[in-house]
Amino acid sequence: LGDGTYELAADQSAHRRTVTITRDLVDVTDVDAASSTQTWIQHWHVAEGWTPVRSADGVATGDLLQPDGSRVRLTCRESGRSVTPVAVRVRSYADGKPAWAWDMQCRHRGTDVAFASRVSWLGEAGIADSAR
C-alpha cells in the first residue's frame, strides 16, 4: 500500500477500519459495536530491538526506541479521549528463531469502540523525519 486512505470492512460485521498511510505516519481508526460489554484491543506488534520508553516516574509514554536513537510514537484515542498504550512483552519468531519483542496495545472496555491510533516516525531528532 502506498500513501492514501483505505476503507476496510469485515463480512457480516459492523466493524469498520480506515487506514491512512503517509511517509511519516500510519493512522488506523476502528469503529465497532457489540451486544455485550467486552474488551477491545488494537495490537501493534513491533520488531525485536524496539524498546518502550517510560517517563522518569515510570509511566508509559507510547514511544518506542531503537539502540541507534530512532524513535516512533504510538498515540491512542478512544471516542476522543487519550488512552495510554500498554506494552506487553511477547515472543516473536522472525526467521523461525524465537526472540523477545513488544505488542503495543490500545485497550478499551465497553459495548462499542471508536479507536483512532497513530504510529508516527520521529527519527533520531524526536521530530518527523521524511529524509530517512
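We number each residue from 1, following the sequence as shown. The figures that follow rest on heavy atoms only: side chains count, while hydrogens, waters and symmetry mates do not.
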Working to the nearest 0.5 angstrom, can you tell me the gap between [X] [atom1] and [Y] [atom2]?
X    : Y    : atom1 : atom2 : result
D32  : D112 : CG    : CG    : 9.0 Å
L25  : T20  : CG    : OG1   : 8.0 Å
D103 : R89  : CG    : CZ    : 13.0 Å
I41  : H108 : CD1   : NE2   : 12.0 Å
R73  : D63  : CZ    : CG    : 4.0 Å

Mark yes or no for whether [X], through its side chain, and [Y], through its backbone, hold a donor-acceptor pair below 3.5 Å.
X   : Y    : value
E78 : A114 : yes
T61 : V53  : yes
D68 : S70  : yes

If Ile, Leu, Val, Met, Phe, Trp and Tyr residues are connected whenever their side-chain heavy atoms lie under 4.5 Å apart, and connections chain through other members, are I21 and V46 in the same group?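 Same cluster.
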
Is M104 linked to F115 within one hydrophobic cluster, defined over Ile, Leu, Val, Met, Phe, Trp and Tyr using a side-chain heavy-atom separation of less than 4.5 Å?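 In one cluster with M104: F115, no.
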
At their closest point, which heavy atom of [X] faces which heavy atom of [Y], and how far apart are they?
X    : Y   : answer
P98  : R91 : CB-NH2, 3.3 Å
A34  : W40 : CB-CZ2, 3.9 Å
A101 : A47 : CB-C, 4.3 Å

Pair V26-W44, side chain to side chain contact (heavy atoms under 4.5 Å, CB included): steps then yes or no: CA-CA 11 Å; V26 175; W44 292 90; 4.3 Å; yes

Can you establish whether the number of heavy atoms outside D95 located under 6.0 Å from its atom CG is more than 12?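 Counting neighbours around CG of D95, 12 or fewer heavy atoms of other residues, nucleotides or ligands fall under 6.0 Å, so no.
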
In terms of side-chain heavy atoms, does Q42 have a donor or acceptor partner in S117 at a distance below 3.5 Å?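 The criterion, which ignores hydrogens and geometry beyond distance, is satisfied for S117 and Q42.
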
Within a strict 4.5 Å, meaning less than it, do heavy atoms of the W100 and E48 side chains meet?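 No, side chains not in contact.
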
Do V83 and R107 touch side chain to side chain, with heavy atoms closer than 4.5 Å?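 Sidechains of R107 and V83: no contact.
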
Taking it one step at a time, do W50 and V72 satisfy side chain to side chain contact (heavy atoms under 4.5 Å, CB included)? CA-CA 9 Å; W50 289 97; V72 295; 4.0 Å; yes

Taking C106 as the fixed residue, which of V86, L74, T84 is the one that meets the side chain to side chain contact (heavy atoms under 4.5 Å, CB included) rule?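 Among the candidates, only L74 passes.
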
